[in-house]
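Here is the structure we will look at, set down as structure tokens.
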Protein chains: 2
Amino acid sequence: MNNPSRLDRLRDAGYKLTNARTVVLNVIETHEGHMTSAEILDAVASRDSSIGRASVFRTLDLLTRLAIIRPTYTAGSATPTYVLMPDGHHHHIVCVQCHQTIEFEDCGLGSLAERLEGEFGVKLTGHLLEFYGICGACSEAGVVDDEV
Amino acid sequence: MNNPSRLDRLRDAGYKLTNARTVVLNVIETHEGHMTSAEILDAVASRDSSIGRASVFRTLDLLTRLAIIRPTYTAGSATPTYVLMPDGHHHHIVCVQCHQTIEFEDCGLGSLAERLEGEFGVKLTGHLLEFYGICGACSEAGVVDDEV
DNA sequence: GATGTAAATGATACCACGTCTCAATATGAC
DNA sequence: GTCATATTGAGACGTGGTATCATTTACATC
Ligand SMILES: [Mn+2]
Ligand SMILES: [Mn+2]
Ligand SMILES: [Zn+2]
Ligand SMILES: [Zn+2]
């Protein structure tokens with residue numbers, strides 16, 4: 001059930017494949033879409049209550065550094081939500097009115113990434129692309145434009 | 001010094017143009033690049049020490065809801081940094097090792113935005129594009145590739 | 001399979017960011 | 001100028017995330 005390639009990426013980067021890390025990754029892979037740290041903590045605890053808070057946060061940091069997940073701001077909440085970055089990228093549209101998010105796949109950013117690597121001497125491993133706007137439901141619902 | 005159009009956006013959205021809001025916006029507009037809430041609090045206090053913490057955070061929320069600024073998590077799971085969204089968009093590269101951010105301008109996302117508007121029936125007003133990877137300094141600094 | 005060792009862990013104390021409450025004040029419509 | 005109301009500032013409060021440190025685990029080597 002656990003995507004083995006992600007655990008491989010941990011091992012290949014020199015990190016041990018511990019129980020805490022395996023469970024946290026599994027929780028995130030199992031869940032569709034974004035998760036708050038509270039949701040992750042709950043899900044981890046329900047699978048293995050012996051795993052400590054600190055290790056969950058440490059794992060979230062580690063997975064972020066490995067570009068396996070990414071913290072992103074979602075409206076209304078002071079804390080980030082974490083989202084898997086399959087193949088290193090993720091894209092969505094956020095309605096600034098109702099906060100619904102619409103995921104999409106094609107971004108066509110490969111050539112831009114290459115250009116940036118040359119221009120700035122960086123090695124890029126992933127990206128996050130967020131569009132903001134008003135979703136169809138909200139614009140139909142009579143929300144006047146200048147109220148946003 | 002304060003870009004009048006942004007204050008207009010506040011007023012047009014039905015919010016009062018108060019001293020706290022003007023100073024917070026001015027601080028963010030004056031500063032180049034990303035700011036943490038701590039930096040914003042400091043800068044606001046040094047301009048007008050009578051402005052309270054709560055009002056600063058309330059203003060950050062408001063400016064975010066109006067898509068004038070955007071919080072992004074440039075460092076692990078710590079606190080977000082806030083960045084102006086001139087003309088509704090912003091782009092940068094984040095080094096996942098040292099958290100340095102490199103800003104860039106061209107993104108060429110206009111045609112993608114148009115396609116998405118048709119495909120999902122949304123009205124898009126802006127976007128944030130983040131690449132992550134390893135900056136030149138970090139890869140030279142002996143960080144082995146497979147360690148990230 | 002046993003051994004050694006450094007990385008990783010879990011418990012808990014701790015801190016800081018951000019929120020809530022509420023009386024006082026400033027704003028903008030009239 | 002008057003008034004209604006949005007907004008404010010002070011400060012108590014809560015909660016998400018971190019630092020510490022003794023203990024355990026993973027995994028390389030034999
Ligand atoms: Mn998403
Ligand atoms: Mn930036
Ligand atoms: Zn919506
Ligand atoms: Zn770097």
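Below, all heavy atoms of this structure are taken into account, side chains as well, without hydrogens, waters or symmetry copies. What you see is a predicted model; the values in this text were computed from it and never measured. Letters go in sequence order (proteins before strands), and every chain restarts at 1.
- The side chain of A/T79 approaches D/dG17 more closely than any other nucleotide in the set D/dG17, C/dC17, C/dA11.
- Both B/L60 and B/L62 belong to a common hydrophobic cluster when Ile, Leu, Val, Met, Phe, Trp and Tyr are linked at side-chain heavy-atom distances under 4.5 angstrom.
- Residue-to-nucleotide proximity on DNA chain C shows that, of B/N19 and B/F57, the 5′-proximal contact is made by B/F57.
- In this entry the distance linking OH of B/Y73 with C1' of D/dG17 reads 12 Å, nearest Å.
- Residue A/R53 places no side-chain atom within donor-acceptor reach of the base of C/dG10, judged by atom type and a 3.5 Å distance cut-off alone.
- Atom CG of A/D48 is separated from atom P of D/dT24 by 16 Å (rounded to the nearest Å).
- You'll find that the side chain of A/I51 is closest to C/dG10, out of C/dG10, C/dG28, C/dA8.
- Across the protein-nucleic acid pair, B/L10 atom CG and D/dA6 atom P stand 16 Å apart, rounded to whole Å.
- Taking the side chain of B/L17 as heavy atoms from C-beta on, and the options C/dT12, D/dT8, C/dG28, the nearest nucleotide is C/dG28.
- Taking atom CZ of B/R21 as the reference point, atom C1' of D/dG9 lies 14 Å away to the nearest angstrom.
- If you take OH of B/Y15 and P of C/dT27, they are 18 Å apart, rounded to a whole angstrom.
- For the residue pair B/E39/B/H34, the side-chain donor-acceptor check at 3.5 Å is not satisfied.
- Among the nucleotides D/dT18, C/dA8, C/dT27, the one closest to the side chain of B/K16 is C/dT27.
- Taking the six-membered ring wherever Trp is involved, the centroid distance between the rings of A/H127 and B/H91 does not fall below 6.0 Å.
- One finds no side-chain N or O of B/T18 lying less than 4.0 angstrom from the OP1 or OP2 phosphate oxygen of C/dT27.
- One can place CD of B/E39 at 15 Å from C1' of C/dA16, the figure rounded to the nearest angstrom.
- Within the 4.5 Å cutoff, no side-chain heavy atoms of B/T72 are placed close to those of A/L128.
- Here the side chain of A/A20 is nearest to one of D/dT18, C/dC17, C/dG10, namely C/dG10.
- The distance from atom CG of B/D61 to atom P of C/dG18 is 10 Å, rounded to the nearest whole Å.
- Across all their heavy atoms, A/L17 and A/L7 have their closest contact at CD1-O, 3.7 Å.
- Side-chain proximity of A/R58 to the nucleotides C/dT9, D/dT18, C/dG18 is greatest for C/dT9.
- When distances run from any side-chain atom of A/A54 to the nucleotides D/dA10, C/dG10, C/dA8, the shortest one goes to C/dG10.
- In the set C/dC20, D/dG17, C/dG18, the nucleotide with an atom closest to the side chain of A/S37 is D/dG17.
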